[in-house]
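Notes to accompany the following structure.
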Amino acid sequence: MKHSVSMMDLFGSTSLAKRIRRSNGDAAARDYGRARHRLQYPTTSLGCMLDQSAGRFSDAPAMTYLGTTCTYGNLLNQVNRIAGGFAAMGVRRNDCVMLTLPNCPESIVAFFAAQKLGARVVNVRPVSGLDDLRHMWRLTAPRLVVALDLQSPELARANDGRDRYCWLWVSLKAYQGVIKRMGYRWKLRQSRQHLAEQHCQATWAQLMAEAPPRPPTVAPDPEDVAVLQPTGGTTGAPKLARITHRNLLANAVQIAVHLGLQPGQERIVGLLPMFHVYGLQTGLIGPIFAAAHILPVTRPRAPELIALVREHQPTVIPLVPALIDALSSRLEHNPDSQFAEAAARALVTSGAALLSSAIAQRFERLIGTRIVQGYGLTEASPVTHLNPPHAPRDESIGLLLPDTIARLADLDHADQDAPPGEPGELWVSGPQIFHGYQDNPDATRQALHIDADGARWLRTADIATVDDDGYYRIIDRCKDMINRGGFKVIPAKVEAVLRSHAQVDDVTVVGRGDEVRTERVVAVIVRKPAPDDEQASESLPDALRALCRAHLAPYEVPEVFEFVDTLPRSALGKVLRRELRAPKAAPTADATEPSAQSDGDVPAQQDQNGDR
């Protein structure tokens, strides 16, 4: 059923076409001026947002999971009941509720139940390491932990009996088929001892049956923290970004306007993990704001996604490059015209990691639709840039979202702008920018700059360029830049050259500590299947070194080439560079270095006279 409610009904402002129109000068803003607000943002909380969507679209489908659909009215009833249960377990305003769940109906209900009470959600990935879990508990002291019953052994080991939290156990058994349900029961038997050892606990089914039908009346301020989101886990100990109700709602409005979403008429795939802020915004908060039909996916794999798209014909499919590549590989071997036709009608977006033109063009060739790439950070709730759906550009993160401005700071003098046309560190400001890190003032001072007008500027630590049309492009990460004897080496530039070789399947370039040159340039490479010519395979390092010498400055040529089966990646497909920066114990047959006389080394004269 189609519902004829316009975006103006949700925003209470001017027409969509007028609000999305902007000048190239605004999109490419580089000064410290305050953003000119074009949109009107909800002055409410996330819990009230759900109330409003359910009030307008009570009978419309809110989500479908493994064949079971619930309406917005039913979803609101579940949220209110579980919120009452949370309150009965001691959750109060500003308490922390830790969610360590995959995408499932319970994770959606639990998120909004916490928001109804004015609590702060701490999102933790279900397969976090023990050290990360303990670190999160020390930082947040959660009143309640909501987790899968199958996780209890790992959580018990992480807790180690030192803290006494309340636990709410979620079971996915009811969603399984007969055979999978038997396997689930067998795994659960191994966990019962750990379940019995917990002090304060309940199962989801018990809480749903016993909780009062309505929660206590709580009215969180829009500036209250709604989510404490872990970030920085790929580079060190996680920090907690303080993201408010206003931050998340503002970003939902910005995305909806930029993409032209229609209230009550969208079907959006919830494929990306909602314990990451990208999945949380694109798969939950944004869809609920637009009263969309959410299609949550617990295990993001190509076969399941293909089947879901064929059945439900979604209108928006948020993806990440790793999933786009996996889909393309699947479709090349098993063409599916029904999926291709459905996906071609949808808006396919990409984020979380930069999308290469090769991956994008391969998908476009197979499906016949362009991918709309965006950009953001956890600290920006998370989106700051998006390509326009009607005019996306390859390898560009797109235009600034409404009410978002940016500047490119000089790489050596952050208080100055980068010269026109030159790359600089991307700084962004807008209503979606977070309020700092929890109990970490030093990290907050490094990430946030408050200007004379009180606007918050986020230092992204990404190196970017912007063209005359206002399209931005990310070149690399500031912290990934390699300092080789005072020369700046941008890994992405070296990686692009290496990827052009026919035998290179994947590559990451990192810096490793060196007493003489500060850092050495190391290329970690995944080879394509070896050719029949063994000699050609064995000479690959020499061929790669020659390729780099032909295209790069001498100081940019990798000193070490290492070959691995796979690159370590996060859940969203980002390469975990910190795992590759650790030096090898000793060179092996798969680690090759140039001789001391190789012109891959930086000449002494350049070392002394180069631009630092």
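Note that the structure is a prediction, hence the values are computed from the model and not measured.
Considering every non-hydrogen atom in both L39 and Q254, the closest pair reads CD1-CA, 4.3 Å. Smallest separation of non-hydrogen atoms from N251 and P382: OD1-N, 3.2 Å. Taking all atoms of both residues into account, the shortest heavy-atom contact from A291 to F57 is CB-CD1, 3.3 Å. Minimum heavy-atom separation, L458 to L448: CA-CD2, 4.2 Å. Considering all non-hydrogen atoms of both residues, P105 and Y65 come closest at CD-CD2, 3.3 Å. For the residue pair G84 and P215, the shortest heavy atom distance occurs at N-CB, 3.8 Å.
No side-chain donor-acceptor contact under 3.5 Å links Y437 and T231. The closest side-chain donor-acceptor pair between N74 and Q78 falls under 3.5 angstrom. Side-chain contact check for N123 and Q229: at least one donor-acceptor pair (N or O, by modelled atom type) lies under 3.5 Å. Checked by atom type, the side-chain pair S45/Q115 shows no donor-acceptor distance below 3.5 Å.
Crowding of R93 atom CZ: a count of heavy atoms from other residues, nucleotides or ligands under 6.0 Å exceeding 12.
Proximity of M49 to I288: side-chain heavy atoms (C-beta onward) are separated by under 4.5 Å at one or more points. Residues P389 and L259 form a side-chain contact, since some pair of their non-hydrogen atoms from C-beta on lies under 4.5 Å apart. A heavy-atom distance below 4.5 Å is found between the side chains of L75 and V109. Residues L172 and P102 meet the side-chain proximity criterion, which asks for heavy atoms closer than 4.5 Å. Between T64 and H312 the shortest side-chain heavy-atom distance falls below 4.5 Å. A 4.5 Å side-chain heavy-atom check between V124 and F275 finds every atom pair outside the cut-off. Annotation: side chain of R242 is not in contact with side chain of N247 (no heavy-atom distance under 4.5 Å). Between I108 and M274, the closest side-chain pair of non-hydrogen atoms falls below 4.5 Å.
Of the inter-residue distances, the one linking T71 atom OG1 with M63 atom CE reads 10.0 Å to the nearest 0.5 angstrom. Taken from CZ in F434 to CD in E379, the straight-line distance is 5.0 Å, to the nearest 0.5 Å. Note: I433 CD1 to T404 OG1 = 7.0 Å, rounded to the nearest 0.5 Å. The OG1 atom of T244 lies 5.0 Å from the CD atom of E223; values are rounded to the nearest 0.5 Å. For the atom pair CH2 (W427) and CG (D462), the distance works out to 14.0 Å, reported to the nearest 0.5 Å. Between the CG atom in L401 and the NE2 atom in H385 there is a gap of 8.0 Å [rounded to 0.5 Å].
With S107 contributing its side chain and N103 its backbone, the two residues share no donor-acceptor pair below 3.5 Å. In terms of modelled atom types and a separation under 3.5 Å, the side chain of T384 and the main chain of G376 share no donor-acceptor contact. Put simply, the side chain of Q281 gets close to the backbone of S381: a donor and an acceptor are under 3.5 Å apart. The main-chain N or O of G351 is found under 3.5 Å from a side-chain atom of Y278 such that the two form a donor-acceptor pair. The backbone N or O of V316 lies less than 3.5 Å from no partner atom in the side chain of E266, so there is not a single donor-acceptor pair.
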Evaluate side chain to side chain contact (heavy atoms under 4.5 Å, CB included) for L117 paired with R92, printing each intermediate quantity in order.
CA-CA 6 Å; L117 299 177; R92 299 292 182 266; over 6 Å; no

Using the side chain to side chain contact (heavy atoms under 4.5 Å, CB included) rule, take I474 and L426 through it: C-alpha gap first, then chi angles, then the decisive distance, then the call.
CA-CA 9 Å; I474 299 298; L426 178 63; 4.3 Å; yes

Does the side chain to side chain contact (heavy atoms under 4.5 Å, CB included) test come out yes or no for S396 and Q373, once each step is laid out?
CA-CA 7 Å; S396 169; Q373 182 173 195; 5.9 Å; no

I'd like to know whether R143 forms a side chain to side chain contact (heavy atoms under 4.5 Å, CB included) with V97, so could you lay out the CA-CA distance, the side-chain angles of the two residues, the decisive distance to 0.1 Å, and finally the verdict.
CA-CA 6 Å; R143 177 74 64 179; V97 174; 5.7 Å; no

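Salt-bridge formation is not detected for the pair D224/R120: no Lys NZ or Arg NE/NH1/NH2 atom is positioned less than 4.0 Å from an Asp or Glu carboxylate oxygen. For E425 and R459, the salt-bridge test passes: some basic side-chain N is under 4.0 Å from an acidic carboxylate O.
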